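What you see is a predicted model, and the numbers here were worked out from it, not measured in a lab. Every number for a ligand or one of its atoms is a count from 1 in the order of the listing.
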Amino acid sequence: MNRVALVSGANRGIGFEIARQLAKLGNDVVLGTRDFARGKTAAKAIASKNPNVIATELDVTNETDVEKVVRMVRSDFGRLDILVNNAAILIDESDLPSETDLKIARATLETNLLGPWSLCKAFIPIMKQNNYGRIVNVSSGAGAFEGIAENLYAPAYSLSKSSLNALTTMFARELRGTNVLVNAACPGWVRTDMGGRSAQRSVEDGADTAVWLATLPDDGPSGGFFRDRKRIEW
Ligand SMILES: NC(=O)c1ccc[n+]([C@@H]2O[C@H](COP(=O)([O-])OP(=O)(O)OC[C@H]3O[C@@H](n4cnc5c(N)ncnc54)[C@H](OP(=O)(O)O)[C@@H]3O)[C@@H](O)[C@H]2O)c1
């Protein structure tokens with residue numbers, strides 16, 4: 001059965017690839033992008049092979065955009081089965097929390113934590129109504145506690161991802177007993193604008209675990225953190 005998916009930050013990088021792979025599997029995919037023109041270009045690139053793709057304007061920090069996307073998804077599709085919270089920023093200028101400008105921390109938490117939270121809140125009622133939902137929060141190993149204790153790296157970004165992991169477990173707990181599964185994925189170090197050119201992984205590899213979690217069977221896991229389709233430590 002084809003599903004309806006929304007991927008945030010889908011105009012480039014890992015989000016674009018997640019959207020492409022979900023479309024290739026036959027799903028209807030909505031590309032959420034904060035620049036509509038870039039979104040349309042991305043949707044066109046995917047739609048040349050998989051016509052079931054559209055773009056919509058979605059800045060995840062903008063509540064009005066979120067409300068508009070909910071209205072559009074309800075009227076155009078009547079349901080949302082898959083939500084991939086992929087959009088994120090990495091704008092830290094120091095690896096030391098004592099040197100981090102709190103403006104950077106606020107902006108980072110707004111996008112990387114409150115954006116996914118807002119989209120989860122907006123779409124979970126629809127998923128519960130249809131007794132089907134797969135939510136994938138694209139996180140990072142940078143948010144894993146073990147790493148944070150050992151290596152100082154991009155404090156605002158790392159904290160946003162450990163908080164996103166915590167949020168993942170909270171939603172999974174709240175939704176226990178429903179067919180809405182909520183998990184976090186670490187894509188690994190991937191060659192994108194964020195990951196840089198020296199990263200080891202391709203976007204195809206980086207997108208794989210998120211796509212797997214987005215298409216889990218009903219008896220799949222919920223409340224886990226995965227890389228390469230394997231559970232990893234928080
Ligand atoms: N690349 C890596 O090595 C790596 C490693 C671990 C985790 N991750 C995670 O993987 C995900 C994708 O990363 P990436 O490497 O593909 O990053 P990227 O190349 O920098 O792309 C980020 C995407 O997020 C969008 N975005 C940023 N802020 C947004 C907002 N407020 N509203 C909507 N969209 C917004 C960007 O849109 P614009 O084009 O408009 O800026 C872009 O489409 C992120 O969650 C990242 O934290 C990446």
Side-chain angles (χ1 to χ4, degrees), residues 6-22 29-43 45-46 55-69 83-92 104 106-120 122 135-144 147-148 151 153-165 167-168 183-211 213-214 225-228 232:
L6 169 67
V7 183
S8 69
N11 55 298
R12 60 186 166 103
I14 298 166
F16 175 81
E17 180 58 20
I18 292 170
R20 193 189 68 78
Q21 291 187 23
L22 286 173
V29 184
V30 180
L31 275 62
T33 66
R34 60 180 162 177
D35 182 310
F36 188 51
R38 277 188 245 149
K40 278 201 296 193
T41 306
I46 299 177
T56 192
E57 194 168 326
L58 174 61
D59 179 332
V60 300
T61 66
N62 184 328
E63 289 289 333
T64 311
D65 279 4
V66 173
E67 284 162 17
K68 273 195 213 154
V69 175
L83 168 64
V84 183
N85 283 309
N86 165 80
I89 53 173
L90 167 49
I91 54 171
D92 285 81
I104 285 179
R106 281 192 193 98
T108 303
L109 291 168
E110 193 72 47
T111 303
N112 300 7
L113 173 67
L114 301 183
W117 195 341
S118 156
L119 284 163
C120 285
I135 297 175
V136 184
N137 292 327
V138 182
S139 184
S140 167
I148 288 176
N151 309 302
Y153 170 72
Y157 177 79
S158 299
L159 188 61
S160 75
K161 295 299 189 180
S162 16
S163 305
L164 181 63
N165 287 352
L167 187 70
T168 302
N183 291 289
C186 169
W189 187 24
V190 181
R191 285 186 299 278
T192 61
D193 294 337
M194 185 186 286
R197 285 187 188 169
S198 341
Q200 299 133 339
R201 293 183 175 215
S202 63
V203 281
E204 288 83 355
D205 291 342
D208 176 74
T209 297
V211 171
L213 289 170
F225 186 22
F226 295 87
R227 183 191 296 130
D228 296 332
I232 56 173

Q: At a heavy-atom distance under 4.0 Å, which protein residues reach ligand 1? Sort them by chain and number, would you?
A: G9, N11, R12, G13, I14, R34, R38, L58, D59, V60, T61, N86, A87, A88, I89, T111, V138, S139, S140, Y157, K161, P187, G188, W189, V190, T192, D193, M194, G195
Q.
Please tell me whether N112 and S160 have a donor and an acceptor in their side chains that are separated by less than 3.5 angstrom.
A. yes
Q) Are V30 and L58 side-chain neighbours, meaning at least one heavy-atom pair lies under 4.5 Å? A) no
Q. Do D228 and R201 have side-chain heavy atoms sitting under 4.5 Å apart?
A. yes
Q: Give a yes or no on whether a salt bridge exists between D35 and R12, defined as a side-chain N under 4.0 angstrom from a carboxylate O.
A: no
(Q) Let me confirm one number: the CD1-OG1 distance from I89 to T108, rounded to the nearest 0.5 Å. (A) 4.5 Å
Q: Give the C-alpha distance, both sets of side-chain angles, the deciding distance and a yes or no for side chain to side chain contact (heavy atoms under 4.5 Å, CB included) between I46 and V29.
A: CA-CA 10 Å; I46 299 177; V29 184; over 6 Å; no
